[in-house]
Amino acid sequence: MDANPGPVPFRSTAFGKPEELKLTVQVAAVPFQMQLPDGREQSVAGADYSVGAWQGERPFTIEKPMFYEYWLYPKPCGKGDQAES
């Protein structure tokens, strides 16, 4: 499953600079159905979605990944505290 079956028109082929990931033209996303863990299906993407790390003049960012709330993290220990094993 691809977001777009053709070549992606990057502004540059240089590596290491986020600005080089901008696209020269908007590339439409290819919609697909995603099956959720509870068995339901959800449509992803559509006619008003576009592909790319940059959306308009700003890079695509999120505050936290979607799994962050459900991921198990060790409790932080203070200075001098014994770490849990």
Side-chain angles (χ1 to χ4, degrees):
M1 152 180 67
D2 290 325
N4 184 286
V8 179
F10 289 114
R11 183 166 125 185
S12 171
T13 56
F15 294 105
K17 295 183 179 179
E19 297 81 22
E20 306 304 337
L21 293 174
K22 288 183 178 179
L23 304 178
T24 57
V25 296
Q26 185 174 0
V27 177
V30 176
F32 62 93
Q33 291 291 110
M34 179 173 63
Q35 187 171 10
L36 302 174
D38 64 4
R40 293 179 299 140
E41 288 192 353
Q42 178 175 332
S43 295
V44 178
D48 57 342
Y49 286 80
S50 60
V51 174
W54 286 76
Q55 299 290 307
E57 290 301 312
R58 302 188 68 198
F60 174 77
T61 59
I62 58 173
E63 186 177 331
K64 295 187 250 185
M66 292 171 65
F67 63 82
Y68 185 84
E69 300 295 324
Y70 305 103
W71 200 261
L72 299 176
Y73 294 96
K75 292 181 181 176
C77 57
K79 189 173 184 179
D81 290 347
Q82 189 96 13
E84 293 180 19
S85 56

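No experiment lies behind these values; they were computed from the predicted model shown.
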Notebook entry, point to check: Which residues pass the side-chain hydrogen bond (donor to acceptor under 3.5 Å, both in side chains) test with E41, sequence neighbours left out?
Noted result: Q33

Margin query: Under the rule for side-chain hydrogen bond (donor to acceptor under 3.5 Å, both in side chains), what residues qualify as partners of T24, not counting sequence neighbours?
Written below: none

Item checked: Where at least one partner belongs to residues 11-27, residue pairs that pass salt bridge (Lys or Arg N to Asp or Glu O under 4.0 Å), sequence neighbours excluded -> K22-E57

Next item on the list: For residues 31-40, pull every pair meeting salt bridge (Lys or Arg N to Asp or Glu O under 4.0 Å), keeping only residues two or more places apart or in separate chains.
Entry: D38-R40

